[in-house]
There are 2 protein chains.
Amino acid sequence: MAQGKSHSGKRLAEKQLKLIAKALADPRRYEILRQIGAQESGASCTDIRECQPVSAATLSHHFKELESAGLIKVARQGKFAHFKLRRDVLRAYLDHLAKI
Amino acid sequence: MAQGKSHSGKRLAEKQLKLIAKALADPRRYEILRQIGAQESGASCTDIRECQPVSAATLSHHFKELESAGLIKVARQGKFAHFKLRRDVLRAYLDHLAKI
DNA sequence: TCATCAATTAGATGGTTGTCGAAATGTCAA
DNA sequence: TTGACATTTCGACAACCATCTAATTGATGA
């Protein structure tokens with residue numbers, strides 16, 4: 001059978017689960033994540049800045065939270081930053097919550 | 001086919017989604033919810049008090065948060081309170097998040 | 001080189017929240 | 001009625017956090 005796990009590909013550590021829950025709890029962060037996930041190609045920092053009425057500093061803070069929770073993958077190129085949603089991590093979080 | 005909706009039974013209002021995300025973000029509340037959900041019959045306030053090293057006042061506060069998020073159903077009988085996990089609401093929250 | 005621009009970091013601030021002890025409420029049995 | 005008990009409410013406090021402005025870093029083009 002398909003190598004090991006029955007249907008869920010990933011297991012998250014306790015600590016990461018808490019980070020994810022906290023990351024998702026802030027509405028602004030949720031919106032940012034949503035926008036990143038809206039396109040399979042992700043979104044750039046500037047893209048998001050155009051949609052969210054907060055300072056660049058605040059955005060940067062939120063990106064850090066999302067990244068350290070493992071919810072986004074960051075690619076920096078020159079002065080630009082590009083983000084992609086890590087659907088595998090989100091899926092693993094949902095799977096975990098579903099087992100309650 | 002099984003009456004009506006295709007696979008997700010419930011739609012949650014924006015506001016409730018935020019309350020749920022916030023409720024789940026606190027580790028203590030998560031543990032409480034977990035304990036309530038562990039038995040199909042739910043758990044009493046006293047049950048939970050025996051497992052969580054916090055004051056009754058704090059517990060009461062958390063119950064209120066969980067209830068107003070719609071994650072638990074409360075039944076009071078005399079001096080006792082009994083809680084059950086609302087799996088339909090949790091499910092609806094997960095379905096919503098999965099659509100990101 | 002120098003000015004400009006994208007993004008991050010530093011530091012401050014106001015608001016939120018998890019927690020407690022004490023008091024209040026309500027229930028039940030003696 | 002009275003006392004014990006379960007739970008909630010109140011008021012306070014410390015920690016956390018989203019947010020800002022200002023300063024910094026780093027890259028790019030003129």
Side-chain angles (χ1 to χ4, degrees), chain A residues 14-36 39 41-85, chain B residues 14-36 39 41-86 93:
Chain A
E14 182 93 10
K15 186 174 177 181
Q16 187 170 10
L17 292 169
K18 290 178 188 171
L19 288 175
I20 292 175
K22 276 240 298 245
L24 293 174
D26 180 62
R28 172 99 54 217
R29 241 162 2 225
Y30 174 79
E31 274 312 309
I32 292 170
L33 195 66
R34 191 170 147 83
Q35 191 182 346
I36 292 174
Q39 303 245 11
S41 60
S44 75
C45 181
T46 313
D47 285 344
I48 292 166
R49 181 117 202 247
E50 282 164 1
C51 299
Q52 296 291 331
V54 286
S55 73
T58 298
L59 268 196
S60 192
H61 162 69
H62 287 318
F63 290 139
K64 191 150 51 172
E65 297 283 306
L66 289 170
E67 187 188 8
S68 76
L71 282 169
I72 61 175
K73 202 175 16 171
V74 185
R76 286 167 229 275
Q77 217 153 62
K79 38 179 182 172
F80 302 100
H82 197 88
F83 309 99
K84 279 190 191 172
L85 172 59
Chain B
E14 183 92 10
K15 186 175 177 180
Q16 186 170 10
L17 292 169
K18 290 178 187 170
L19 288 175
I20 293 174
K22 278 240 297 245
L24 293 174
D26 180 62
R28 171 134 298 126
R29 238 158 9 220
Y30 174 79
E31 274 312 309
I32 292 170
L33 194 66
R34 192 171 146 83
Q35 191 182 346
I36 292 173
Q39 303 245 11
S41 60
S44 74
C45 181
T46 313
D47 285 344
I48 291 167
R49 181 118 203 247
E50 282 164 0
C51 299
Q52 296 290 332
V54 287
S55 72
T58 299
L59 268 196
S60 191
H61 162 69
H62 286 317
F63 290 138
K64 190 151 50 174
E65 296 284 306
L66 288 170
E67 187 187 9
S68 76
L71 283 169
I72 61 175
K73 203 176 13 169
V74 184
R76 287 166 228 275
Q77 217 152 61
K79 38 178 179 171
F80 301 101
H82 197 88
F83 309 99
K84 280 191 190 171
L85 172 59
R86 294 193 53 176
Y93 176 68

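Predicted, not measured: the structure shown is a model, and the values here were computed from it. Computed over heavy atoms, backbone and side chain alike; hydrogens, waters and symmetry mates excluded. Every chain is numbered from 1 and lettered A, B, ... according to where its sequence line falls, protein lines coming before strand lines.
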Please tabulate, one pair per line, all N/O donor-acceptor pairs under 3.5 Å involving side-chain atoms of residues 74-81 of chain B, not counting sequence neighbours.
none

Residues 14-26 of chain B, side-chain donor-acceptor partners within the protein, below 3.5 Å, at least two apart:
residue	atom	partner	partner atom	Å
B:Gln16	NE2	B:Ala69	O	3.0
B:Asp26	OD2	B:Arg28	N	3.3
B:Asp26	OD2	B:Arg29	N	3.2

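Residues that satisfy the side chain to side chain donor-acceptor pair (under 3.5 Å) test with B:Thr46, not counting sequence neighbours, are absent from this structure. A search for side chain to side chain donor-acceptor pair (under 3.5 Å) contacts involving B:Ser60 returns nothing, not counting sequence neighbours. Remark: A:Ser68 engages no residue in a side chain to side chain donor-acceptor pair (under 3.5 Å) (not counting sequence neighbours). Scored by the salt bridge (charged side-chain N to carboxylate O under 4.0 Å, His left out) test, A:Glu31 finds A:Arg34 as partners (sequence neighbours excluded).
To the nearest 0.5 Å, the span separating CD on A:Gln39 from NZ on A:Lys84 amounts to 11.5 Å. Note: B:Ile72 CD1 to B:Leu85 CG = 9.0 Å, rounded to the nearest 0.5 Å. The CD1 atom of B:Ile48 sits 4.0 Å away from atom CD1 of B:Ile36, with the distance rounded to the nearest 0.5 Å.
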Between the protein and nucleotides 11-18 of chain C, list every N/O to N/O distance that falls short of 3.5 Å.
residue	atom	partner	partner atom	Å
C:dT17	OP1	B:Lys22	NZ	2.3
C:dG18	OP1	B:Arg29	NH2	3.1
C:dG18	OP2	B:Arg29	NH1	2.8
C:dG18	OP2	B:His61	NE2	3.2

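Using a 4.0 Å cut-off on heavy atoms, the residues of residues 69-76 of chain B that approach DNA chain D are B:Arg76, listed by number.
Of all non-hydrogen atoms in A:Arg49 and A:Val54, the two that sit nearest each other are NE-O, 3.9 Å. Residues B:His82 and B:Ser41 approach most closely at NE2-O, 2.6 Å, considering heavy atoms.
Checking the phosphate oxygens (OP1, OP2) of C:dG21, no side-chain nitrogen or oxygen of B:Ser55 falls inside 4.0 Å.
Remark on DNA chain D: of its neighbouring residues B:Ala81 and A:Ala57, the 5'-side contact belongs to B:Ala81, judged by nearest-heavy-atom nucleotide.
Of all nucleotides in DNA chain D having an atom under 4.0 Å from a heavy atom of chain B, the first and last in 5' to 3' order are D:dC5 to D:dT9.
For residues 45-70 of chain A, the pairs satisfying ring-ring contact (aromatic ring centres under 6.0 Å, His included) are A:Phe63-A:Phe83, with sequence neighbours left out.
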Take nucleotides 24-30 of chain C nucleotide by nucleotide from the 5' end and write B, S or -, depending on whether a protein heavy atom sits under 4.0 Å from the base, only from the sugar-phosphate, or from neither. --BBS--
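Between B:Lys64 atom NZ and C:dT19 atom P the separation is 15 Å, expressed in whole Å.
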